[in-house]
Amino acid sequence: DAGVIQSPRHEVTEMGQEVTLRCKPISGHDYLFWYRQTMMRGLELLIYFNNNVPIDDSGMPEDRFSAKMPNASFSTLKIQPSEPRDSAVYFCASSLPLTGELFFGEGSRLTVL
Amino acid sequence: KNQVEQSPQSLIILEGKNCTLQCNYTVSPFSNLRWYKQDTGRGPVSLTIMTFSENTKSNGRYTATLDADTKQSSLHITASQLSDSASYICVVSRGGSQGNLIFGKGTKLSVKP
């Protein structure tokens, strides 16, 4: 398996623009997570899905953030409008329920100017 | 408050030397503890998992220990190599929901030749 695939790897945009980050989880994994990583705060859970259904979105910073999982092999994290404080690395991860081990993608580094 | 504290924040050692990274947690209930290795520009990868009944677990040159009474874990790296340069993140699971993970902010290890 190719692992968790994220795109784009790097995104530079201007404040106010819409940003869409994409994730393909490992086939057969029931859980999908979106994390944000910054130097100050480390890894923070934004939202996670179980069998394509959002379970906990309490970590989503505000209404500007939204996430969808239309099917078992695809998820998006959207920021609209983006702000400079959204600059971070966004990770997608997937897991199986029994092991709980997270398999992370390579991350999407977002810079909002 | 559920917290995971890691020390030191950063560490520089010479190639071939040993080192020990610390993780203290105040998480309850406790299900398991994982150490992840995150190479620069990559996503974290699981090194080892410790459950309540386990005291020591090895994965090659990495040895993790867990003292559930004092709520402390350590990751010992033997005969360090340049490729060990990375951030090491301690993650404690509270069990139940898959999203019930508490992340430390990591220790950044630099191995110099």
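The analysis underlying the following values was restricted to heavy atoms, covering all of them including side chains, and did not include hydrogens, waters or symmetry mates. Each chain gets a letter, A, B and so on, in the order its sequence line appears, and its residues count up from 1.
The hydrophobic clustering, which links ILVMFWY residues whose side-chain heavy atoms are closer than 4.5 Å, places A:V12 and A:V19 apart. The cluster map of Ile, Leu, Val, Met, Phe, Trp and Tyr, joined by side-chain heavy atoms under 4.5 Å apart, puts A:I26 and A:W34 in different clusters. At a threshold of 4.5 Å between side-chain heavy atoms, the hydrophobic network of Ile, Leu, Val, Met, Phe, Trp and Tyr places A:F49 and A:L46 in one connected group. Linking ILVMFWY side-chain heavy atoms closer than 4.5 Å, directly or via other members, places B:L75 and B:L66 in a single hydrophobic cluster. Under a hydrophobic-cluster definition in which Ile, Leu, Val, Met, Phe, Trp and Tyr are linked whenever side-chain heavy atoms come within less than 4.5 Å, directly or via other members, A:F33 and A:Y90 are assigned to different clusters.
Atom CD of A:E62 has more than 12 heavy atoms from other residues, nucleotides or ligands within 6.0 Å. A 6.0 Å sphere centred on CD of A:E44 holds more than 12 heavy atoms belonging to other residues, nucleotides or ligands. Residue A:R64 places its CZ atom among more than 12 non-hydrogen atoms of other residues, nucleotides or ligands, all under 6.0 Å distant.
For the set A:D56, A:I55, A:I47, A:L102, the count of heavy-atom pairs under 4.5 angstrom toward chain B peaks at A:L102.
Separating the CZ atom in B:F103 from the OH atom in A:Y35 is a distance of 3.5 Å, to the nearest 0.5 Å. The distance from the CG atom of B:L101 to the OH atom of A:Y48 is 9.0 Å, given to the nearest 0.5 Å.
Minimum heavy-atom separation, B:G41 to A:R9: O-NH2, 3.1 Å. The two atoms that bring A:E106 and B:G43 nearest to each other are OE1-N, 3.5 Å, heavy atoms only.
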### Message
Working note: B:Q38 + A:F91, criterion side-chain contact (heavy atoms from CB on, under 4.5 Å); need CA distance, chi angles, decisive distance, verdict.
### Response
CA-CA 12 Å; B:Q38 184 177 20; A:F91 285 100; 3.3 Å; yes
### Message
Run the side-chain contact (heavy atoms from CB on, under 4.5 Å) test on B:I89 and A:L43 for me, step by step, so that the C-alpha distance in whole Å, both residues' side-chain angles and the decisive distance to 0.1 Å come before the verdict.
### Response
CA-CA 9 Å; B:I89 302 171; A:L43 278 162; 3.9 Å; yes
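For a residue to count as touching a neighbouring chain, one of its non-hydrogen atoms must lie under 4.5 Å from one of that chain's; by this rule A:F103 does not touch chain B. Only the side chain of B:R34 comes within contact range of chain A, with heavy atoms under 4.5 Å apart. With a threshold of 4.5 angstrom between heavy atoms, A:Q37 approaches chain B through side-chain atoms but not through N, CA, C or O.
Between the side chain of B:K105 and the backbone N or O of A:M40 there is at least one donor-acceptor pair closer than 3.5 Å.
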